[in-house]
Amino acid sequence: MSPRLKILNIVGARPNLPKIAPLMHEMQSHPEIEAILVHTGQHYDEKLSDIFFRQMGIPSPHVNLEVGSGSHASQTAEILKRIEPVLLERQPDLVLVVGDVNSTIAVSLAAAKLGIRVAHVEAGLRSFDRTMPEEINRILTDAIADYLFVTEEDAIEHLLKEGRPRSSVFMVGNVMIDSLRHFLPIAQQSAIGDELALKNGAGWQRFGVLTLHRPSNVDSTEKLSRLLGAIDAVAAEMPVIFPVHPRTQHRLTQVGIQHHPQLRLISPVGYLDFLCLLSKASLVLTDSGGIQEETTALGVPCLTLRESTERPVTISQGTNLLVGTDPGKIVAAARDTLAGNGKAGRIPGLAP
Ligand code: UD1
Ligand code: UDP
């Protein structure tokens with residue numbers, strides 16, 4: 001028997017998990033592949049990590065680097081230091097990274113310096129905003145990765161402009177949406193609608209979902225207050241469920257912002273509950289990367305509370321509207337959507 005192809009897969013933060021799940025599943029069904037999973041420990045809260053492993057059947061990591069939180073430099077440096085001995089010991093043929101978090105660039109760099117080939121899943125996305133830490137991570141990872149797996153056509157153009165050879169770029173579709181499609185029927189059985197009293201005898205009532213965690217939106221008290229002020233106006237019309245990311249929770253704990261009672265702050269929710277909420281929402285307001293794609297896949301209107309997006313196909317074809325962070329514009333777009341004038345969309349990649 002020819003030697004097995006040893007692939008070392010990396011996860012670190014919440015959005016990596018729905019991307020790695022179908023890949024691990026597929027690799028494990030190929031006896032010619034030895035799939036190793038390493039968790040950097042960038043995210044470590046149960047609701048940001050373990051629950052995804054359980055719900056999505058992701059195998060337990062072979063190694064957890066347990067780097068925890070820190071500044072960008074210290075977190076990235078710690079991952080670099082801790083992954084190197086693992087790579088030397090395991091000697092993989094290929095390292096596979098997903099997304100755009102600090103774990104993505106740190107492990108890619110360590111592997112490239114050891115002469116190990118790197119595959120980047122979700123390559124080529126660009127917001128063209130270098131104040132976003134993720135944009136730096138994307139550009140650098142793509143500069144050193146050997147295999148660039150892209151989810152949308154624009155990404156190919158970006159990579160070619162940056163001088164990457166066409167032969168290293170592969171259009172493969174979107175593994176996060178593979179997860180969504182696989183888990184949606186299971187998510188529909190979630191009890192979250194009853195738990196949050198979003199259902200009555202007639203079924204689901206109208207509600208919105210909000211997520212915020214971009215440093216540019218939540219690290220400044222003033223910015224966060226203004227955003228939540230706009231959401232208050234939406235919450236006056238229907239409940240808005242807000243699973244609060246720990247970064248955002250830190251800011252809210254420090255300053256204690258007042259909000260409308262129908263804006264309902266809860267802890268981050270597990271993947272299946274969240275998918276259920278997204279699929280039943282009348283409107284989603286977010287600054288997340290992945291949620292822009294998930295709402296487009298679900299056909300649910302999404303208002304993105306940012307000035308730029310690295311996922312333009314969700315705008316050009318999907319249900320996503322880039323509304324920015326001006327409170328007046330957010331409220332106007334939300335009212336428009338709720339009045340039935342929301343952005344219609346279709347699933348990218350499918351015939352119009
Ligand atoms: C990270 C990613 C971001 C991604 C987001 C998804 C980078 C640079 N950022 O941002 O691209 O969109 O994850 O959620 O990689 N914390 C906890 N528990 C945890 C993890 C973090 O309480 O399990 C707190 C810590 O106080 C930490 C803060 O959240 O300092 C931020 O965590 P960090 O991983 O640095 O960045 P995120 O904002 O989560
Ligand atoms: N998500 C979740 N529970 C939540 C918020 C998000 O399961 O309370 C999921 C969401 O469906 C998506 C992923 O987490 O699959 C997105 O992660 P996040 O928004 O933190 O990161 P980003 O995509 O912005 O990097």
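Just so you know, ligand 1 is whichever comes first in the structure, and atom 1 is the first atom listed for that ligand.
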For G289, counting its heavy atoms only, list the atoms of ligand 2 lying under 4.0 Å from any of them.
22 (P), 23 (O), 24 (O)
Going through the distances and angles, do D219 and R247 end up as a salt bridge (Lys or Arg N to Asp or Glu O under 4.0 Å)?
CA-CA 8 Å; D219 284 0; R247 172 182 286 280; 3.0 Å; yes
Sub-4.0 Å atoms of ligand 1 with respect to non-hydrogen atoms of H250:
24 (C), 25 (C), 26 (O)
With heavy atoms of P18 as the reference, note each atom of ligand 2 found under 4.0 Å away.
15 (O)
In this structure, are over 12 heavy atoms from other groups packed under 6.0 Å from Q258 atom CD?
no
Does ligand 2 have an atom under 4.0 Å from some heavy atom of R214?
yes
Looking only at protein heavy atoms, which one is nearest to atom 25 (C) of ligand 1, and what is the separation?
S69 OG, 3.3 Å
For the residue pair D287 and N217, confirm or rule out a side-chain donor-acceptor distance under 3.5 Å.
yes
Look at atom 4 (C) of ligand 2 and say which protein heavy atom is nearest, naming residue and atom and giving the distance to 0.1 Å.
R14 NH1, 3.3 Å
Look at the side chain of Q75 and the backbone N and O of G68, then say whether any donor-acceptor pair between them is shorter than 3.5 Å.
yes
Short version for Q55: what comes under 4.0 Å of ligand 2, heavy atoms counted, is neither
Residues, nucleotides or ligands: over 12 heavy atoms within 6.0 Å of K6 NZ:
yes
Hey, does D287 come in under 3.5 Å of ligand 2, counting only N/O atoms on both sides?
no
Ignoring angles and geometry beyond distance, decide whether G290 reaches within less than 3.5 Å of ligand 2 through its nitrogen or oxygen atoms.
yes
Verify the ring-centre separation between H120 and F170: is it less than 6.0 angstrom?
no
Among all protein heavy atoms in this structure, tell me which lies nearest to atom 2 (C) of ligand 1, with the distance rounded to 0.1 Å.
V101 CG1, 3.7 Å
Tell me which one of V234, L283, L265 satisfies side chain to side chain contact (heavy atoms under 4.5 Å, CB included) with V240.
V234
Considering both backbone and side-chain atoms of V269, is one of its nitrogen or oxygen atoms within less than 3.5 Å of a nitrogen or oxygen in ligand 2?
yes
closest protein heavy atom to atom 31 (C) of ligand 1 is R247 NH2, 3.8 Å
I'd like to know whether NE2 of H25 has more than 12 heavy-atom contacts from other residues, nucleotides or ligands below 6.0 angstrom.
no
Considering only heavy atoms of P268, which atoms of ligand 2 have at least one such atom less than 4.0 Å away?
8 (O)
Under 6.0 Å between ring centres, would you say that holds for F53 and H39?
yes
Looking at D142 and R126, does any basic side-chain N land under 4.0 Å from a carboxylate oxygen?
yes
In the protein, what heavy atom is nearest to atom 3 (C) of ligand 1, and what distance, to one decimal place, separates them?
E134 OE2, 3.2 Å
For P312, does its backbone N or O pair with a side-chain atom of T309 as donor and acceptor, under 3.5 Å?
no
What protein heavy atom lies closest to atom 6 (C) of ligand 1? Include the residue and the distance to one decimal.
P15 CD, 3.4 Å
How far is atom 9 (C) of ligand 2 from the closest protein heavy atom, and which atom is that?
F274 CD2, 4.0 Å
Provide the number and element of each atom of ligand 2 under 4.0 Å from a heavy atom of F52.
2 (C), 7 (O)
Return the residue, atom name and 0.1 Å-rounded distance of the protein heavy atom closest to atom 10 (C) of ligand 2.
E294 OE1, 3.3 Å
Around atom 14 (O) of ligand 1, find the nearest protein heavy atom and jot down its residue, atom name and distance.
H245 NE2, 3.0 Å
Would you mind running through ligand 1 and noting each atom that sits below 4.0 Å from a heavy atom of R214?
3 (C), 4 (C), 11 (O), 12 (O)
Does any N/O atom on H213 come nearer than 3.5 Å to any N/O atom on ligand 2?
yes
Any donor and acceptor pair, going by atom type alone, linking the side chain of K343 with main-chain N or O of G318 inside 3.5 Å?
yes
Does an N or O from S288, backbone or side chain, lie closer than 3.5 Å to an N or O of ligand 2?
yes
Tell me whether R251 contacts the main-chain N or O of G256 through its side chain, where contact means a donor paired with an acceptor under 3.5 Å.
no
Out of Q42, R14, H213, indicate the one that has the non-hydrogen atom closest to atom 7 (C) of ligand 1.
Q42
Could you verify whether a donor N or O on one side chain and an acceptor N or O on the other, from T314 and E293, lie under 3.5 Å apart?
no
Under the 3.5 angstrom rule, does the side chain of D45 hit a backbone N or O of L48 as a donor-acceptor pair?
no
Protein heavy-atom partner closest to atom 25 (O) of ligand 2 - residue, atom, separation in Å
P15 CG, 3.3 Å
Check whether Q205 reaches the backbone of K199 with its side chain - one donor and one acceptor, N or O, closer than 3.5 Å.
no
Among all protein heavy atoms, pick the one closest to atom 10 (O) of ligand 1 and tell me residue, atom and distance.
H43 NE2, 4.3 Å
Under 4.0 Å from a heavy atom of Y271: which atoms of ligand 2 are those, numbered in the order shown and with their elements?
7 (O), 15 (O)
Pairs of nitrogen or oxygen atoms closer than 3.5 Å, one from D100 and one from ligand 2: do any exist?
no
Those residues that, when tested against S190, pass side chain to side chain contact (heavy atoms under 4.5 Å, CB included) (two or more places apart):
I192, D273, C276
Atom 16 (N) of ligand 1: the protein heavy-atom neighbour that sits closest, reported with distance to 0.1 Å:
Y44 OH, 3.5 Å
At less than 4.0 angstrom from any non-hydrogen atom of P246, what atoms of ligand 1 do you find?
16 (N), 17 (C), 18 (N), 22 (O), 24 (C), 29 (O)
Identify, by atom number and element, the atoms of ligand 1 in contact range of H72, meaning under 4.0 Å from any of its heavy atoms.
8 (C)
